[in-house]
Amino acid sequence: MVVIKKLEFFTAKYNEMIPIKKEVAQIVEDSPVKQGIVSVITNHTTTGIMVNENLECLEDDILTQLGKCFPEDGDYYHARFLDDYGAMAGNPTGHLKAMVSGNHCVMSVEDGKLVSGSAQEIYLAEFDGPQERTVSVIVMGE
Amino acid sequence: MVIDMHVHPAFIKEIGYSKEKLEKNRQVLGLYKTEEFGLEQWRRDCQVSELDRLCILPLALPEKAGGDTVTNEQTAELVKKCPDMLTGFASVNPSEKNAADVLEYAFTELGLKGLKLHPSKQQFFPGDRFMEPIYQICERYEKPIIFHCGVSMEPGTLVKYSHPLVFEETAYRHPKLKMCLAHFGWPWVKEVCMLMLKYRNIYTDTALLYFDNPREFYHQCMEVDIGPRWIDRSLRHQVMFGSDDPRLEQRRMIQAIRQMDMRDSTKELILGKNAVEFMGGI
């Protein structure tokens, strides 16, 4: 059995981490799946899905250190006119941070509930906001 | 106060475009992958970019060229929805015989604050005699004009209509008419500087980014291609911040201006005070 749902977010900052485990857990509980897995997948190339501890110090560290890996004033090839868009490429740091964070996570479903460690939060990580964002949640199992 | 003098409102959800019209706007403006978005997106962009106000510029075109991207009436409606965030300009199609009447209506009845013209796209020379009634309306109501100037990446455009030198006759004939030669007339930035020096009714905006990132391109165009002190010493009252949103990104462009090597007071003029003076208030 497969249940597919979409979560919609309107981010507010250029870079931010938005906890979404609560919404994912609700989709799992609302689905008829009792045993299986849930995949959380972002639909975008400048966002990521991360699993980490929900602490503001860690959120800040993650964003700060990613910013040091990919500084805004770095020398990027993705800073040129894109004919297909008719617009300038201006968000290389967003793409590169998204590459590091990855586009998805997979968690267990047991007895109809999302299984996670006590410290585990699921984050939608925004790296080129503010924008309207969509996350696919796919519950698979029996 | 930070004001973006160059924003295109051709994809705003609240206008209620059909799918066909949205696609037509993409093709007309050459913004082939731009999605529709709501006014809330602009509000959030403003918060993140520390922008206070957007000047939205419609574009009037004949039907065979795709029709108006946004009408004057739609522009006025958007302003009415967000008067704290938006200032609206009008546009007219100079090839229409009633263009001056349409413009007068836009100023007197719709409350629009200036005129946007795109000679490359609308294919006219600013010095053409048939433009005189339009300029006279602007003078009568003390409204400024923003002209597209320099290269345009939109399809159906010819640069010969927008070279900075073709604007001189209009500035010469109408010394009280404030006119912005947008995009710094790129690649003819030195010519735009010459015109601003000679005609103090000529302004420009910073809506230019055709290579590299904003910091690098602004440095090249405004500190290398022209003297590094020309703006700061001589043209500081005639340069306004503009982004060309949604073709270009506001946030990085504002940061790039703040990082430029010029007086803080000059940056404040560029980022907002000159725009207020250009429009005769907000």
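Remember, predicted model here, so these are calculated numbers, not experimental data. The analysis underlying the following values was restricted to heavy atoms, covering all of them including side chains, and did not include hydrogens, waters or symmetry mates. We name chains A, B, ... by the order of the sequence lines, and we start the count at 1 in each one.
With a 6.0 Å radius and a threshold of 12 heavy atoms from other residues, nucleotides or ligands, B/F211 has its CZ atom at or below the threshold. Heavy atoms of other residues, nucleotides or ligands lying less than 6.0 angstrom from NZ of B/K24 number 12 at most. Other residues, nucleotides and ligands contribute only 12 or fewer heavy atoms inside 6.0 Å of the CD atom of B/E50. By the 6.0 Å contact criterion, CE on A/M140 is open, its count of non-hydrogen atoms from other residues, nucleotides or ligands being 12 or less. Under a cut-off of 6.0 angstrom, the local environment of NZ in B/K21 is crowded, with over 12 non-hydrogen atoms contributed by other residues, nucleotides or ligands. The 12-atom threshold is not exceeded at CD of A/E56, counting heavy atoms of other residues, nucleotides or ligands nearer than 6.0 Å. The environment of CG in A/D75 is sparse: at most 12 heavy-atom neighbours from other residues, nucleotides or ligands sit within 6.0 Å.
Neither the backbone nor the side chain of B/E154 comes within contact range of chain A; no heavy atoms are under 4.5 Å apart. B/L209 touches chain A through backbone and side chain together, each having a heavy atom under 4.5 Å away. Neither the backbone nor the side chain of A/Y76 comes within less than 4.5 Å of any heavy atom in chain B. Heavy atoms closer than 4.5 Å to chain A are found in both the backbone and the side chain of B/Q41. Only the backbone of A/D83 comes within contact range of chain B, with at least one heavy atom under 4.5 Å from a heavy atom of that chain.
The distance from the CE atom of A/M88 to the CG atom of B/L208 is 10.5 Å, given to the nearest 0.5 Å. Rounding to the nearest 0.5 angstrom, the gap separating the CG atom in A/D73 from the CD atom in B/Q259 is 7.0 Å. Taking NE2 of A/H78 as the start and CG of B/N213 as the end, the distance is 12.0 Å to the nearest 0.5 Å. If you take CZ on B/R26 and OH on A/Y85, they are separated by 12.5 Å, rounding to the nearest 0.5 Å.
Listed here is the closest heavy atom pair of B/L31 and A/A87: CD2-CB, 4.3 Å. Nearest heavy-atom pair across A/N91 and B/R252 is CA-NH2, 3.7 Å.
Chain A forms more heavy-atom pairs under 4.5 Å with one residue of B/F217, B/F37, B/Y32 than with any other, namely B/Y32.
Looking only at side-chain heavy atoms (C-beta outward), A/E72 and B/R251 come within less than 4.5 Å of each other.
No side-chain donor-acceptor contact under 3.5 Å links B/Y210 and A/R80.
Salt bridge absent: B/R44 and A/E132 never bring a charged side-chain N and a carboxylate O closer than 4.0 Å.
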